[in-house]
Engineer: 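Structure provided below as structure tokens; questions to follow.
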Amino acid sequence: MRKKNSIKNMIASMGSNIVTIIIGLAAQAIFIKILGEEYLGLNGLFSNIISMLGIVELGIGNAIIYNLYKPIANNNIEEIKSLMRFYKKSYRIIALFVLIIGLLIIPLLQFIVDLDSVTISINVYFVYILFLIDIVCSYLLSYKRSILYAYQKNYIVNIVHMGYTILLNILQLLILYVTKNYYLYLVIKIIVRLLENIIITIIANKKYNYLLDKDIKALDKKIEKDIFTKVKALFFHKIGSFIVLGSDNIIISKFLGLTTVGLYSNYYLIINAVQTLFGQTLVALIPSVGNLLVTEKKDKVFDVFKKVRFMNFWISTFASIALLVIMQSFINIWIGEKYLLSVAVLMVLVFNFYQKMMRNSYGTFKEAAGIYNEDKFVPVVESLINIIVSIILVKKIGLAGVFVGTIISGLALWCFSYPKYVYKKLFERSYVDYAKETIGYILLFVTIAAITYYISTLINFSNIYLEFIVNCLISVIIPNLILLIVFFNNGNFKYYLNLVKKKL
């Protein structure tokens, strides 16, 4: 059942994300054509700022989902009901705090956006308030999706979200085409967001009708204490994510301007889409890994981890190299040559993408095991390194410096958290083995990326469409062929090969 749910979750996640990517690319191209680069930069900047308000959530969702695994495994309905009511109350409080903090940020907008340089005719403050209302609405009625995650039914949430994406983009593009009104474009997102949450709530209530019971006991004090312990630790993790993931666009806006934010947002859209597409294959495993950690011994858990990490490496390597080889010609075809960034910036973005993708295998087991408190200060260190190094380097080497700062800050996790709290604590393995395996994977990735990119530069076409097609073929064939040669006799590769044979 665990494997079946994992496969269902992966397929639904992949399908949902493919649809989201295709629609997102089309929508962004039309958005640029109708409203222009500066609107795009403003849209990207405010999306970034608002997403940073997610810090207020403090990881309560993660902590509660972790605590749901055991009562679900034991079919303890009363405890599940108590946890869900606690979750409901928590999210209402969070929505209120997000609203208050979001309103307090309004006076600071003048320091984040250079209002004198904004040439478009728009009320920046009103746009920000619409973004704020959207995130507040995202916390209303959304808590019941957690029960679907904990029961390993992520695929239901993904299918609903796919419908949300299709409907949202159709309505937004119609509004832009007919009215060219950016305010209405944002209002429709709020309405469709609420609709998505209502549908997920109805599905959860129908599948698990005990959620509608009025007779609910107070949450056990021991469980409540465990949640708050994890939440305290997750606060630091949220702070880290807040700065590491949210500061890039703010730094770019402040030092390089809204137009550069707009240029980067095109690359970010594609990179984030690919990261979500492939990353969700592992996020979909978290509930199953949570169940695995509760029911299996360490040797079995480590064996599963090695298989997951191997799959993660193959996917990360292929996806990263595809971005490196295809991105420039794709951007050229998609929105035009004037929206291209330098190859140096692209290379830094690709390596940053690779190291983020490779975090997934470790992060999946770390999150499923509820390891938050042990390394709570690491994200704070990571975020401080990120913001300091990014500001120093953006002044010296420009846009690439922002992302070099992000890569360097990531070493806090790679050199401390993952070896100490995942490799050592969960699997009881040595630091030496961790170092050899991690560095080995990095060196192999860099080698394959260099070979593939060099081959792509040897072939030049005057026709951009032909160049794109050839680059696609190169990025699919070369890295996968090298990986196949290197891992042909590897046990993990044989495991997946046998799995495919059985399915066929």
Side-chain angles (χ1 to χ4, degrees), residues 28 37 40-41 44-45 48 244-245 247-275 316-359 385-411 414 442-461 464 467-468 470-472 474-475 478-479:
Q28 182 112 328
E37 295 170 41
L40 183 65
L45 178 62
N48 214 209
V244 172
L245 301 178
S247 61
D248 287 351
N249 274 349
I250 294 174
I251 293 171
I252 296 167
S253 172
K254 193 66 185 172
F255 291 94
L256 303 174
L258 268 182
T259 302
T260 306
V261 175
L263 292 175
Y264 164 60
S265 70
N266 296 318
Y267 283 75
Y268 175 79
L269 175 68
I270 297 166
I271 290 171
N272 188 57
V274 175
Q275 188 172 328
S316 302
T317 299
F318 164 63
S320 300
I321 292 171
L323 286 171
L324 179 65
V325 174
I326 296 170
M327 182 74 87
Q328 298 296 73
S329 53
F330 178 79
I331 293 280
N332 200 347
I333 292 170
W334 175 41
I335 49 178
E337 191 175 358
K338 70 174 184 174
Y339 292 97
L340 291 176
L341 294 173
S342 70
V343 173
V345 171
L346 175 61
M347 286 180 174
V348 175
L349 285 171
V350 166
F351 190 80
N352 188 38
F353 168 84
Y354 168 79
Q355 67 93 15
K356 282 182 180 178
M357 282 289 292
M358 281 302 290
R359 287 184 181 192
I385 293 170
N386 178 70
I387 202 162
I388 292 167
V389 175
S390 292
I391 289 173
I392 292 169
L393 292 181
V394 75
K395 292 177 181 179
K396 293 186 178 296
I397 59 175
L399 185 58
V402 177
F403 310 112
V404 172
T406 305
I407 293 168
I408 292 171
S409 68
L411 294 174
W414 284 110
I442 291 171
L443 291 175
L444 182 56
F445 162 70
V446 171
T447 302
I448 297 172
I451 292 169
T452 310
Y453 183 74
Y454 177 71
I455 291 171
S456 72
T457 60
L458 296 177
I459 306 169
N460 294 307
F461 295 97
I464 188 64
E467 180 184 308
F468 174 71
V470 171
N471 284 343
C472 286
I474 289 170
S475 65
I478 303 301

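Below, each value reflects all heavy atoms present in this structure, side chains not excepted, and no hydrogens, waters or symmetry copies. Heads up: numbering here begins at 1 and tracks the sequence. Nothing here was measured: the structure is a model prediction, and the numbers come from that model.
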Engineer: Which atom pair, heavy atoms only, marks the closest approach of Trp414 to Gln355?
Structural biologist: NE1-OE1, 3.2 Å
Engineer: Between Gln28 and Ile335, is there a side-chain heavy-atom distance shorter than 4.5 Å?
Structural biologist: no
Engineer: Using atom types as modelled, flag every donor-acceptor pair under 3.5 Å from a side chain in residues 391-400 to any protein atom, sequence neighbours excluded.
Structural biologist:
none

Engineer: Step by step, would you call Ile459 with Ile474 a side-chain contact (heavy atoms from CB on, under 4.5 Å)?
Structural biologist: CA-CA 10 Å; Ile459 306 169; Ile474 289 170; 3.9 Å; yes
Engineer: How far does CG of Leu40 sit from CG of Leu45, to the nearest 0.5 angstrom?
Structural biologist: 11.5 Å
Engineer: Might you point out which heavy atoms bring Ser390 and Val402 nearest each other, and give the distance in Å?
Structural biologist: OG-O, 2.9 Å
Engineer: Would the distance check show the side chain of Ser456 and the main-chain N or O of Tyr453 forming a donor-acceptor pair, the cut-off being under 3.5 Å?
Structural biologist: yes
Engineer: Apply ring pair (Phe, Tyr, Trp, His ring centres under 6.0 Å) to Tyr354 and list each qualifying residue two or more places apart in sequence or on a separate chain.
Structural biologist: Phe445
Engineer: CG of Asp248 to OG of Ser265: how many Å apart, nearest 0.5 Å?
Structural biologist: 13.0 Å
Engineer: Side-chain donor-acceptor pairs under 3.5 Å in residues 317-329, sequence neighbours left out?
Structural biologist:
from: Thr317; atom 1: OG1; to: Phe313; atom 2: O; distance (Å): 2.8
from: Ser320; atom 1: OG; to: Ser316; atom 2: O; distance (Å): 2.6
from: Gln328; atom 1: OE1; to: Tyr267; atom 2: OH; distance (Å): 2.6
from: Gln328; atom 1: NE2; to: Leu341; atom 2: O; distance (Å): 2.8
from: Ser329; atom 1: OG; to: Ile326; atom 2: O; distance (Å): 3.0

Engineer: Between Thr452 and Ala449 (side chain of the first, backbone of the second, donor and acceptor by atom type, cut-off under 3.5 Å), is there such a pair?
Structural biologist: no
Engineer: Rounded to the nearest 0.5 Å, what separates atom CG in Asn471 from atom CD1 in Ile455?
Structural biologist: 11.5 Å
Engineer: State which residues pass salt bridge (charged side-chain N to carboxylate O under 4.0 Å, His left out) with Lys338; sequence neighbours excluded, sorted by chain then number.
Structural biologist: Glu37
Engineer: Can you sort out the partners of Trp334 under ring pair (Phe, Tyr, Trp, His ring centres under 6.0 Å), two or more places apart, ordered by chain and number?
Structural biologist: Phe330
Engineer: Measure the spacing between CZ of Phe403 and CG of Leu349 and express it to the nearest 0.5 Å.
Structural biologist: 5.0 Å
Engineer: For Tyr268, check ring pair (Phe, Tyr, Trp, His ring centres under 6.0 Å) against everything at least two apart and list the hits.
Structural biologist: Tyr264
Engineer: First locate atom CD1 of Ile251, then atom OG1 of Thr406, and finally report the distance between them rounded to the nearest 0.5 Å.
Structural biologist: 7.5 Å
Engineer: Considering non-hydrogen atoms only, spot the tightest contact between Glu467 and Phe461 and give its length.
Structural biologist: OE1-O, 3.7 Å
Engineer: Would you say Asn352 and Ile271 make side-chain contact, with heavy atoms under 4.5 Å?
Structural biologist: no
Engineer: What's the separation between atom CD1 in Ile270 and atom CG in Asn266, rounded to the nearest 0.5 Å?
Structural biologist: 7.0 Å
